[in-house]
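Worksheet: the structure to be examined is printed underneath.
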Amino acid sequence: MLTIKLQHRFEGFRLDVDFTAPPGLTVLFGSSGSGKTSIINAVAGLLRPDVGKVVLAGSTLLDTRAGVYVPPHQRQIGYVLQEGRLLPHLSVAGNLTFGQKSEDPVAMSRIVDLLGISHLLERQPNTLSGGEKQRVAIGRALISKPSLLLADEPLAALDEARKSEILPYFERLRDEIATPIVYVSHSATEVARLATSVVALENGRVIGQGSAMDLLADS
């Protein structure tokens, strides 16, 4: 369970949200500028809001009133960006394990199999397609066994063919791993296929929360 209460003023925009993301895959759904990325940046510790509280599985990551702020590197959160941003001088295997204090061969094997990237391990990033790079980026985020996975419009930089390639892997992650996922999107197709719950956003505020079927029917 992830509880988020945030208030933050940007120039020309005010974020004011209060919601809970249950276990499973929660999509933050809304148009560009609705506050989706700001929310997950606050959860990750990359944005320090004016006022806020973030609690993950009973552990307080942020509480501005109590003076609690856990640094990003201590939050045990995986973050997948729009583009994989792999390290060009390392192989796929090197990218997967970069920064890990110790290797877990069992976890590595499971993630590699789950994402279908075993045949890519010796390849260099510049030889990969956009979809392959994104699968490796997802694997890198999961290899550290995060308590939460954040995905900021992970398909936005891909063409339709590559989006179709990646979507089944997010379905597998949703169904086969225990790690909760918060997934940012403005695509109704992605919401319908992936979401176990949806938080609809508009102009920095929550305008609805519930199942994908209910939220899309109302939109």
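What you are looking at is a predicted structure, and each value in this text was computed from that prediction instead of being measured.
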> Under the 3.5 angstrom rule, does the side chain of Thr127 hit a backbone N or O of Gln124 as a donor-acceptor pair?
Replying inline: yes

>> Can you tell me how far apart CZ (Arg172) and CG (Asp113) are? Round to the nearest 0.5 Å.
In response: 8.0 Å

> Near Gln209 CD, under 6.0 Å, is it more than 12 heavy atoms from other residues, nucleotides or ligands?
Replying inline: yes

> Are Ile177 and Leu2 co-members of a hydrophobic cluster defined by side-chain heavy atoms under 4.5 Å apart?
Replying inline: no

> If every non-hydrogen atom of Ala44 is compared with every non-hydrogen atom of Leu150, which pair is closest and at what distance?
Replying inline: CB-CD1, 3.8 Å

>> Please check: side-chain N/O of Gln134 versus main-chain N/O of Gln82, any donor-acceptor pairing under 3.5 Å?
In response: yes

>> Using only atom types and a distance under 3.5 Å, with no angle test, would you say the side chain of Asp152 pairs donor to acceptor with the backbone of Val184?
In response: no

> Quick one: does Arg174's side chain have a donor or acceptor within less than 3.5 Å of a partner on Leu194's backbone?
Replying inline: yes

> Measuring from Leu148:CG to Gln76:CD, what's the distance to the nearest 0.5 Å?
Replying inline: 11.0 Å

>> Rounded at 0.5 Å granularity, tell me how far CG in Leu96 sits from CD1 in Ile111.
In response: 8.0 Å

>> Under a 3.5 Å distance rule, please check whether Glu132 uses its side chain to pair with a backbone N or O of Ser129 as donor and acceptor.
In response: yes

> How long is the span from the CG atom in Leu86 to the CG atom in Asn95, to the nearest 0.5 Å?
Replying inline: 4.5 Å

> Got a second to check how far Asn41's CG is from Lys36's NZ, nearest 0.5 Å?
Replying inline: 12.0 Å

> Short question: side chain of Ser59, backbone of Leu56 - any donor-acceptor pair under 3.5 Å?
Replying inline: no

> What heavy-atom pair brings Ala212 and Val191 nearest, and what distance separates the two atoms?
Replying inline: CB-O, 3.8 Å

> Is there side-chain contact between Leu61 and Ile77, with at least one heavy-atom pair below 4.5 Å?
Replying inline: yes

> Do Arg65 and Asp63 sit within salt-bridge range, that is, some charged N less than 4.0 Å from a carboxylate O?
Replying inline: no

>> Are the side chains of Arg123 and Leu128 in contact, using a 4.5 Å heavy-atom criterion?
In response: yes

> To the nearest 0.5 Å, how far apart are CG in Asn203 and OG in Ser34?
Replying inline: 8.0 Å

>> Is it the case that the side chains of Glu190 and Ser185 hold a donor-acceptor pair, with the cut-off being a distance below 3.5 Å and no angle test?
In response: yes

>> Could you report the tightest heavy-atom contact between Leu114 and Tyr169, atom names first, then the distance?
In response: O-CD2, 3.4 Å

>> If I compare all heavy atoms of Arg193 with all of Leu167, which pair ends up nearest, and what's the gap?
In response: NH1-CD1, 3.7 Å

> Could you go step by step and tell me if Phe29 and Val199 meet the side-chain contact (heavy atoms from CB on, under 4.5 Å) rule?
Replying inline: CA-CA 6 Å; Phe29 179 59; Val199 177; over 6 Å; no

>> Would you say Tyr69 and Arg48 are linked by a side-chain donor-acceptor pair, where the criterion is simply a distance under 3.5 Å?
In response: no

> Counting only heavy atoms not in Arg9, do more than 12 sit closer than 6.0 Å to its CZ atom?
Replying inline: no

> Heavy-atom count around Arg85 CZ within 6.0 Å, excluding the residue itself: above 12?
Replying inline: no

> Donor-acceptor pair, His186 side chain versus Gly30 backbone, under 3.5 Å?
Replying inline: no

>> Testing Leu28, Val198, Leu173, Leu155 one by one against Tyr183 for a side-chain contact (heavy atoms from CB on, under 4.5 Å), which residue passes?
In response: Leu155

>> Is there a path of hydrophobic side-chain contacts, each under 4.5 Å between heavy atoms of I/L/V/M/F/W/Y residues, joining Leu15 to Leu62?
In response: yes

> Checking side-chain contact (heavy atoms from CB on, under 4.5 Å) for the pair Val92/Glu122: CA distance, chi angles, key distance, verdict?
Replying inline: CA-CA 6 Å; Val92 166; Glu122 302 306 317; over 6 Å; no

> Counting only N and O atoms by type, is there a donor-acceptor contact under 3.5 Å from the side chain of Thr196 to the main-chain atoms of Leu25?
Replying inline: yes

> Quick one: do Leu149 and Ile40 end up in the same hydrophobic cluster if we chain Ile, Leu, Val, Met, Phe, Trp and Tyr together by side-chain heavy atoms under 4.5 Å apart?
Replying inline: no

> Distance-only, no hydrogens or angles: does the Arg75 side chain make a donor-acceptor pair with backbone N or O of Val70 under 3.5 Å?
Replying inline: yes

> Do you know the tightest heavy-atom contact between Asp16 and Arg205?
Replying inline: O-CG, 3.6 Å

> Can any side-chain N or O of Ser144 pair as donor or acceptor with the backbone N or O of Arg140 at less than 3.5 Å?
Replying inline: no

> Do Phe170 and Ile138 have side-chain heavy atoms sitting under 4.5 Å apart?
Replying inline: yes

>> Once you measure the plane-to-plane angle for Phe13 and Phe10, does it fall in the parallel (<30°), tilted (30-60°) or perpendicular (>60°) bin?
In response: tilted

> Cluster question for you: counting only ILVMFWY and a side-chain heavy-atom cut-off of under 4.5 Å, with indirect links fine, are Ile207 and Leu201 together?
Replying inline: no

>> Is there a path of hydrophobic side-chain contacts, each under 4.5 Å between heavy atoms, that joins Leu81 and Leu142?
In response: no

> Closest approach of Arg135 and Ile166, non-hydrogen atoms and distance?
Replying inline: CG-CD1, 3.5 Å

>> Run Val43 and Ile4 through side-chain contact (heavy atoms from CB on, under 4.5 Å) and show every step you take.
In response: CA-CA 8 Å; Val43 173; Ile4 299 171; 3.6 Å; yes

